[in-house]
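Values in this document were obtained by computation on a predicted structure and should not be read as measured data. Whatever order the structure lists them in is the order used to number ligands and atoms, beginning at 1.
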Amino acid sequence: MRYVSTRGGAAPLGFSDAVAAGLAADGGLLVPENLPDLAPELEGFRGLAYAELCFRFLRRFATDIPPDELRDLVARSYAGFDRPEVAPLLELGPGLRVLELFHGPTLSFKDIALQLLGSLYARQCAVRGEAINVLGATSGDTGAAAIAGLTGRPGAAIFILYPDGRVSPLQERQMACTGAPNVHALAVEGSFDGAQAVLKEVFGDGAFRARYRLSAVNSINIARVLAQCVYYLHAWLRLPTELQAAAEFAVPTGNFGNVLAGWMLQRMGVPMRGFRIATNQNDILHRLFTTGVYAVGEVRPSLAPSMDIQVASNFERFLYYSSGCDAERVGAVMREMKEKGVYRFADFDRDTFTSSRCTDAEIPGIIRRVHRDFGYTADPHTACAFKGLDPSRPSVVLATAHPAKFPDTIRASTGAEPTHPSLEALKARPLVRHKIVADAAAIRGFIEAHAV
Ligand SMILES: *Cc1c(COP(=O)(O)O)cnc(C)c1O
């Protein structure tokens, strides 16, 4: 399988090169050249354990990794999850299920993709005999999950920049208490946008990037999207037959990565009903799917911080596929969007998508109601997906974080204090972080001193 750019201006890459590159050379996103038809395989997938299913799915895409090696790599990536099912599907009522995606090491759904990506990076170091230095900026969950994916991996170091004092204390502990010498948590003065701007500047220095073999961790790596297709497939295979084509997946959404993965699977011939795009008060995607207008607004911090996003970077892949793989059109749209910040978009399938928006004022009430009605504790992100569910439509709600990551909101909503042993254990460990100014020279200096 080869990977092409959504903007059509870069040479196709193999899987491993696409994973290493992250972004296409022309600034577009990498996508598989064609999507396989899984319909004839679905019967044979029935009953497979998560890791085996993941392997059978990925081997169509990771064609440059020998199958035995891939099977092994996938098995190791999911061995650390605290449930044998990896992504358990719970039944709350006759038409209501929850797909729990937070059983990995950092208790958010980001682990599902980033544990696999960590294994792929480690393999790349081993195969090429070259170390890599992974660099990223985070407002919370992604940094923690990326770190967990690379902690203690030989040949890799990871540097994560986060805005000092603006991530939750538990998220900071997940990044700064690993005790691993190859992990560097950098508390940057100022905002997330500031941290991201310096990071861009560091990456913009081509000579520096090449000398330290820098790789970016971000939401657009194609391996992340492919890894996320698997939990939809795993859950779909476990639905009662009469619900398989009827159930709508309700997805807490920020960057559109999670929804995109489900939708790509549907395009691969899995008969799924569709998706509910559930945003928080940063509702760019809800506005898009109700009005057809994509208009970038200001980000307002919310109780579901991992969805505080106003530019849905994975949306470009959606645009590519829904325009019939017309790279020229995608390039033109992206230029227009960059210039005007607004884009009119109508050619999506309205039967497949519904959407909702959940404000901060609504989140605690939803958490309380779900707890009362079903005895289930939803974290603030998951709560957004419980909003406005149509009772006549069978639904699968994707639960993207463990409630113990957001103890204040849960306590205020239900009166109970959720805990998790892995978070309790972190509280006893020393915090090792480096305060640094938001300045490219300072960041480069730190990398020079700590790179592998
Ligand atoms: C990242 C994140 C999301 C949003 O996922 P996208 O792929 O950006 O749509 C939702 N919930 C949690 C807990 C997250 O960490």
Side-chain angles (χ1 to χ4, degrees), residues 29 87 98-115 117 136-149 162 167-168 170-171 174-175 192 217-229 231-232 249-265 275-286 288-289 299 302-318 353 355-358 363 367 377-387 397-406 409-410 418 420 423:
L29 304 191
V98 176
L99 174 58
E100 289 189 341
L101 303 174
F102 52 71
H103 290 285
T106 69
L107 312 183
S108 89
F109 92 106
K110 305 269 191 312
D111 287 324
I112 294 188
L114 288 169
Q115 284 292 305
L117 191 62
T138 186
S139 51
D141 285 343
T142 304
I147 283 173
Y162 62 93
V167 300
S168 85
L170 282 171
Q171 286 172 328
Q174 287 183 318
M175 295 189 275
F192 172 67
V217 60
N218 49 36
S219 61
I220 47 84
N221 199 295
I222 187 63
R224 290 183 66 174
V225 178
L226 295 173
Q228 291 176 205
C229 292
Y231 51 71
Y232 283 98
F249 288 82
V251 191
T253 301
N255 254 316
F256 203 66
N258 204 348
V259 181
L260 178 81
W263 182 72
M264 280 176 67
L265 191 70
F275 308 91
R276 172 175 284 260
I277 292 158
T279 73
N280 65 17
Q281 63 196 17
N282 295 295
D283 60 349
I284 182 166
L285 288 169
H286 172 58
L288 171 72
F289 280 90
V299 175
S302 81
L303 294 174
S306 298
M307 305 186 336
D308 288 347
I309 279 160
Q310 281 290 9
V311 181
S313 41
N314 265 300
F315 191 68
E316 183 167 344
R317 287 189 171 112
F318 179 69
F353 295 102
S355 70
S356 64
R357 160 188 202 267
C358 188
I363 287 176
I367 295 174
T377 308
D379 93 284
H381 302 79
T382 307
C384 294
F386 271 101
K387 173 168 173 179
V397 172
L398 272 56
T400 51
H402 193 289
K405 286 193 95 165
F406 304 92
T409 306
I410 304 295
H420 189 281
L423 295 176

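A donor-acceptor contact closer than 3.5 angstrom is absent between the side chains of Arg224 and Asn221.
For the pair Asn255 (side chain) and Gly257 (backbone), a donor-acceptor distance under 3.5 Å is absent. At distances below 3.5 Å, not a single donor-acceptor pair connects side-chain atoms of Lys110 with backbone N or O atoms of Gly143.
Considering only heavy atoms from C-beta on, Asn314 stays 4.5 Å or farther from Asn258 through its side chain.
Nearest protein neighbour of atom 11 (N) of ligand 1, counting heavy atoms only, is Thr400 OG1, 2.8 Å. Nearest to atom 8 (O) of ligand 1 among the protein's heavy atoms is Asn255 N, 2.7 Å.
Set against the non-hydrogen atoms of Gly254, the atoms of ligand 1 under 4.0 Å away are 4 (C), 6 (P), 8 (O), 9 (O). With ligand atoms numbered from 1 in the order given, ligand 1 contributes 11 (N), 12 (C), 13 (C) to contacts under 4.0 Å with heavy atoms of His381. Counting atoms of ligand 1 from 1 in the listed order, those under 4.0 Å from a heavy atom of Asp141 are 13 (C), 14 (C), 15 (O). For ligand 1 and Thr253, the ligand atoms under 4.0 Å from any heavy atom of the residue are 9 (O). The atoms of ligand 1 that sit less than 4.0 Å from any heavy atom of Ala401 are 13 (C).
Separation of the Phe318 and Phe256 ring centroids falls under the 6.0 Å cut-off. Between His381 and Phe109, the ring center distance fails the sub-6.0 Å criterion.
For the residue pair Met264 and Cys229, the shortest heavy atom distance occurs at CB-SG, 4.5 Å.
Polar contact with ligand 1: present for Asn258 (N/O pair, distance under 3.5 Å).
The proximity of Phe109 to ligand 1, defined as any non-hydrogen pair under 4.0 Å, is limited to the side chain.
Comparing heavy-atom distances from atom 15 (O) of ligand 1 across Arg224, Lys110, Gln171 singles out Lys110 as nearest.
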